[in-house]
Structures are given as C-alpha cells and as structure tokens.
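Structure, as structure tokens:
We use all heavy atoms of the structure for the numbers below, so side chains are in, but hydrogens, waters and symmetry mates are not.
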Amino acid sequence: MELSVEISKYPLNQDYIPFIKDFIDRLNAHEGLKVITNTMSTQIFGDYDLVMSVLNQEIKKSYETFGKAIFVCKFINGDLSPE
C-alpha cells in the first residue's frame with residue numbers, strides 16, 4: 001500500500017533552520033521515498049511500511065540529536081504526489 005504524509009517540524013530553539021534542514025536532508029537520503037519540500041511543509045510518498053519506518057527512525061534521531069521539537073503530520077493512504 002502506498003502512503004502520503006505531510007509533515008512540519010517546529011524545533012523549540014531560536015536557531016531552528018539547521019534542525020529542520022538536517023531532518024529534511026536525512027529524509028532525502030532514504031531510497032524508495034519521494035520527498036517534496038516547500039516553505040510550509042515536507043511531503044513524503046512511498047510504500048507504507050518504508051515511510052513509517054523512516055519516520056520512526058528520523059523523528060527519534062531528531063529528538064536524540066536536537067532535543068524538543070513538535071512534529072505535525074497528516075497521513076492519507078495512496079500516492080497523492082503531484083507528479
């Protein structure tokens with residue numbers, strides 16, 4: 001099953017840009033995912049199990065590396081990528 005996720009990260013730090021950029025860069029490093037980033041959010045498309053596994057891994061790494069952050073996510077089954 002395919003999955004589409006829209007995710008926004010809000011680090012609780014005044015210097016938030018590097019924290020967000022690091023998270024997006026790590027998402028882009030995973031093969032099998034389609035990652036589209038704009039000024040408001042990042043959209044992730046791919047196989048359900050792969051997407052959920054990557055999010056589990058990368059959100060945890062974000063907390064361990066950078067501390068407190070808020071993640072806002074929307075999930076819908078299917079590939080709703082604009083391409």
Side-chain angles (χ1 to χ4, degrees):
M1 173 178 24
E2 294 295 304
L3 182 65
S4 298
V5 180
E6 181 178 57
I7 185 166
S8 298
K9 179 181 180 181
Y10 302 98
L12 300 180
N13 187 300
Q14 287 184 336
D15 187 25
Y16 58 89
I17 298 286
F19 300 164
I20 295 170
K21 185 173 177 348
D22 179 74
F23 180 70
I24 293 168
D25 289 345
R26 291 196 325 264
L27 291 176
N28 278 302
H30 290 273
E31 289 190 26
L33 295 182
K34 188 182 317 176
V35 180
I36 300 172
T37 302
N38 61 50
T39 57
M40 298 287 293
S41 65
T42 297
Q43 298 172 342
I44 307 160
F45 308 93
D47 176 74
Y48 179 93
D49 291 328
L50 176 61
V51 171
M52 295 303 287
S53 174
V54 167
L55 287 177
N56 181 51
Q57 173 185 337
E58 298 303 347
I59 290 172
K60 181 178 181 180
K61 186 169 185 168
S62 286
Y63 287 141
E64 291 172 343
T65 305
F66 297 109
K68 295 184 190 284
I70 298 165
F71 288 89
V72 177
C73 304
K74 298 179 211 173
F75 298 85
I76 187 166
N77 62 320
D79 183 342
L80 300 181
S81 62
E83 302 164 0

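Residues satisfying the side chain to side chain contact (heavy atoms under 4.5 Å, CB included) test with I76, not counting sequence neighbours, are S4, L80. Contacts of T37 classified as side chain to side chain contact (heavy atoms under 4.5 Å, CB included), with partners at least two apart in sequence or in another chain: I24, V35, T42. Scanning for salt bridge (charged side-chain N to carboxylate O under 4.0 Å, His left out) contacts around K34 gives D79, with sequence neighbours left out. Residues satisfying the salt bridge (charged side-chain N to carboxylate O under 4.0 Å, His left out) criterion with D49, sequence neighbours excluded, are absent altogether.
With values rounded to the nearest 0.5 angstrom, I44 atom CD1 is found 7.5 Å from C73 atom SG. D47 contributes atom CG, which lies 9.0 Å from atom CG of L3 (distance to the nearest 0.5 angstrom).
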Please tabulate, for the side chains in residues 6-19, all donor-acceptor contacts under 3.5 angstrom to protein atoms that are two or more places apart in sequence or on a different chain.
unit_1, atom_1, unit_2, atom_2, d
E6, OE1, K74, NZ, 3.0
E6, OE2, S41, OG, 3.1
S8, OG, M40, O, 3.2
K9, NZ, F19, O, 3.3
K9, NZ, S62, OG, 3.3
N13, OD1, D15, N, 2.7

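Under a hydrophobic-cluster definition in which Ile, Leu, Val, Met, Phe, Trp and Tyr are linked whenever side-chain heavy atoms come within less than 4.5 Å, directly or via other members, V5 and L33 are assigned to the same cluster. Follow the hydrophobic side-chain contacts under 4.5 Å out from F66 and you never reach Y63; the two are in separate clusters.
Counting all heavy atoms, side chain and backbone alike, L55 lies closest to L27 at CD2-CD2, 4.4 Å.
Residue pairs meeting the ring pair (Phe, Tyr, Trp, His ring centres under 6.0 Å) criterion with at least one partner in residues 23-56, sequence neighbours excluded, are F23-F71.
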